[in-house]
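Here's the structure, in structure tokens; my notes come after.
Each chain gets a letter, A, B and so on, in the order the sequences are listed, and its residues count up from 1.
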Amino acid sequence: METRCPVCGKPIEIPDDAISGELVDHECGATLEVLVSGNGVRLKPFQGVGEDWGE
Amino acid sequence: MILLVYYSIMRWEEERIASALEDLGLRYKPLDVSREPIEIGGLLKNGRGIAIQRSVSRIAALESSAALESVGFRVINTPISIAMAQSKIWCLSVLARAGILIPRSYASLGREAVEKGAEILGFPAVYKPSQGSWGRMISMARDRMELRTIIDHREAVGVEALYGVVQEYVRKPSRDIRATVIGDYVVSIYRVNKRHWITNTARGAEAMPAPRDQELEDLAIRASRALGLEIAGIDIFEDPVRGYVVNEANPVPEFKNVVRVTGVDIARIIAEYIYTQAKR
């Protein structure tokens, strides 16, 4: 599904099977946390990424 | 006893591994190493068995693996393998020594070394810190001036950013390959990025299924074994002249995109692998 990045406002594609807590990176550089609720899916900037996180 | 080791957050991958362990009837204990101390050389309650290292923090993954090994756990992957894979210099060195093709690379531990490495390779050259993740600070310098600007920034950040690998720019076909290895099992995907030369999915590349290829699978297993990794994400370039070249190895691989585009239940395969190891 497509929604908009809350940081830059540009479109971002979210997998249909995304779950709450999943992190996605947008081309603008923002790391976003997926929030799934009864009202649908929304994104918020993720605050907790450590500088050594990642594979 | 099976420990599912994580740091601060249980990502989708860790949730799926936990479910798969339960489906196999395996009891496990989640261990958040950001909240639970591990007595080095001590006696963790029921301190025997297998620990599956899944920390999102690279440093926590390495350090907690070492501590858990001191307690008596067989940690997958071992701390020495994690350390080798996390260091791009060490990783490429081990792969080269094992006779595995890698991009031409120079370990460059200072300003002059970076500049000389790039001059030998020619421009464009890729410059990346030896320690890093999710494609952070991987840069391409198209000429000497750009490289000097990048080095200036790295020096300002600190030696961890400065010490790195200067590498030839491999003219890969807008994609690389992520081969996920679990024991002797391999599943591969393409990571396609037509807008940028960096092909990490964390940096916007699109995951697509890749056809099975015995040569590729053998190479991924060889690379994993050279590093002592039992579970790994091996990143491979397709060089137009040399064929497959191994660029990186990831000791705590993410796999949600692999599952999404291939349908392969990676968590289940990991759980089954742990089951066979626990039986030994």
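In this structure, B:Ser105 contributes its side chain and B:Gln167 its backbone to no donor-acceptor pair below 3.5 Å. A donor-acceptor pair under 3.5 Å is absent between the side-chain atoms of B:Asn250 and the main chain of B:Pro253, judged by distance alone. No donor-acceptor pair under 3.5 Å is formed between the side chain of B:Lys128 and the backbone N or O of B:Arg136.
Within residues 79-87 of chain B, no residue has any heavy atom less than 4.5 Å from a heavy atom of chain A. Residues of residues 53-66 of chain B lying under 4.5 angstrom from chain A, judged on non-hydrogen atoms, are B:Val56, B:Ser57, B:Arg58, B:Ile59, B:Ala60 in numerical order.
Residue pairs that meet the side-chain hydrogen bond (donor to acceptor under 3.5 Å, both in side chains) test with at least one member in residues 155-165 of chain B, sequence neighbours left out, are B:Arg111-B:Glu155.
Annotation: cation-pi pair B:Arg268/B:Tyr273 absent, no NZ/CZ under 6.0 Å from the ring centroid and within 45° of its normal.
Scored by the side-chain hydrogen bond (donor to acceptor under 3.5 Å, both in side chains) test, B:Asp176 finds B:Arg191, B:Thr199 as partners (sequence neighbours excluded).
Among B:Leu219, B:Val246, B:Ile234, the single residue meeting the side-chain contact (heavy atoms from CB on, under 4.5 Å) criterion with B:Ser224 is B:Ile234.
For B:Val75 against B:Glu69, the heavy-atom pair with the smallest separation is CG2-N, 3.9 Å.
A salt bridge does not link B:Lys256 with B:Glu15: every distance from a Lys NZ or Arg NE/NH1/NH2 to an Asp or Glu carboxylate oxygen is 4.0 Å or more.
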